[in-house]
Amino acid sequence: MVVPLYQSKAEFFRTLGHPVRIRVLELLGDGPMAVRDLLEAVEIEASSLSQQLAVLRRAGIVVSYRDGAAVLYALAGPDVADLMRAARRFLTDMLAGQAQLLDELRDADETAAMAR
């Protein structure tokens, strides 16, 4: 049975739908990292990080490999880093728009208060 593309996309976004996974992907956008460095940066229990890395690995979003005694993780491809950057731009623009609206509302409140 062929899964429709929209269902595959929904599953992909569900996979991304965890704050630790997003943080890991943002960190890996700068290049491969050892698990110990990810642990330090993400500040969660090793078992929790391991679970989140396993989800990303099973989905094919990250890959792991050994470098001596260290296990390193890397993004499976550059598109994920592009997606993280696009999400950051989207949220930045959205929040900037909300800040502008808030400023306008405050200005309107001040104008109304002075008119009283």
Chemist: Verify the cluster assignment for Val63 and Ile22: are they in a single hydrophobic cluster under the rule of side-chain heavy atoms below 4.5 Å apart?
Modeler: no
Chemist: Shortest non-hydrogen contact from Ser8 to Val3?
Modeler: OG-CG1, 3.7 Å
Chemist: With no hydrogens and no angle check, is any side-chain donor or acceptor of Arg21 less than 3.5 Å from a backbone partner on Thr15?
Modeler: yes
Chemist: Can you confirm whether Val80 sits close enough to Leu28 that some side-chain heavy atom of one is under 4.5 Å from a side-chain heavy atom of the other?
Modeler: no
Chemist: Output the distance between atom CG (Leu38) and atom CG (Leu72), rounded to the nearest 0.5 Å.
Modeler: 8.5 Å
Chemist: Apply the test side-chain contact (heavy atoms from CB on, under 4.5 Å) to residues Gln98 and Leu101: give CA-CA distance (whole Å), side-chain angles for both, the deciding distance (0.1 Å), then the verdict.
Modeler: CA-CA 5 Å; Gln98 290 175 353; Leu101 177 60; 5.5 Å; no
Chemist: Are Val55 and Val42 joined in one hydrophobic group, where the rule is that I, L, V, M, F, W and Y side chains link up if heavy atoms are under 4.5 Å apart?
Modeler: no
Chemist: Carefully, step by step, assess Leu25 and Val62 under the rule side-chain contact (heavy atoms from CB on, under 4.5 Å).
Modeler: CA-CA 8 Å; Leu25 295 175; Val62 300; 3.8 Å; yes
Chemist: Group every Ile, Leu, Val, Met, Phe, Trp and Tyr by side-chain heavy-atom contacts under 4.5 Å, then state whether Leu75 and Tyr65 land in the same group.
Modeler: no
Chemist: With a 4.5 Å cut-off on side-chain heavy atoms, are Val24 and Gln52 touching?
Modeler: no
Chemist: Are the side chains of Leu27 and Asp37 in touch, meaning some heavy atoms are under 4.5 Å apart?
Modeler: no
Chemist: Quick check: closest heavy atoms across Ala76 and Gly60, and the distance to 0.1 Å?
Modeler: CB-O, 3.1 Å
Chemist: If you look at every heavy atom in Glu43 and Glu40, which pair is closest and at what distance?
Modeler: CG-O, 3.3 Å
Chemist: Starting from the C-alpha separation in whole Å, work towards a yes-or-no answer on side-chain contact (heavy atoms from CB on, under 4.5 Å) for Leu49 and Arg23.
Modeler: CA-CA 11 Å; Leu49 179 61; Arg23 181 67 181 128; over 6 Å; no
Chemist: Is the CD atom of Gln7 crowded by more than 12 outside heavy atoms at less than 6.0 Å?
Modeler: yes
Chemist: Do Phe12 and Leu83 have side-chain heavy atoms sitting under 4.5 Å apart?
Modeler: yes
Chemist: Might you confirm whether atom CZ of Arg57 has over 12 heavy atoms from other residues, nucleotides or ligands at distances under 6.0 Å?
Modeler: yes
Chemist: Between Ser50 and Ala46, is there a donor-acceptor pair closer than 3.5 Å when you use the side chain of the first and the backbone of the second?
Modeler: no
Chemist: Is it possible for you to say whether Phe13 and Leu5 belong to one hydrophobic cluster, with membership spreading through side-chain heavy-atom contacts below 4.5 Å?
Modeler: no
Chemist: Can you pull out every salt bridge (Lys or Arg N to Asp or Glu O under 4.0 Å) where at least one residue sits in residues 86-111? Sequence neighbours excluded, please.
Modeler: Glu26-Arg88
Chemist: Evaluate whether atom CZ of Phe90 has more than 12 neighbouring non-hydrogen atoms of other residues, nucleotides or ligands under 6.0 angstrom away.
Modeler: no
Chemist: To check you understand the geometry: which heavy-atom pair defines the closest contact between Ile44 and Leu39, and what is its length?
Modeler: O-CD2, 3.3 Å
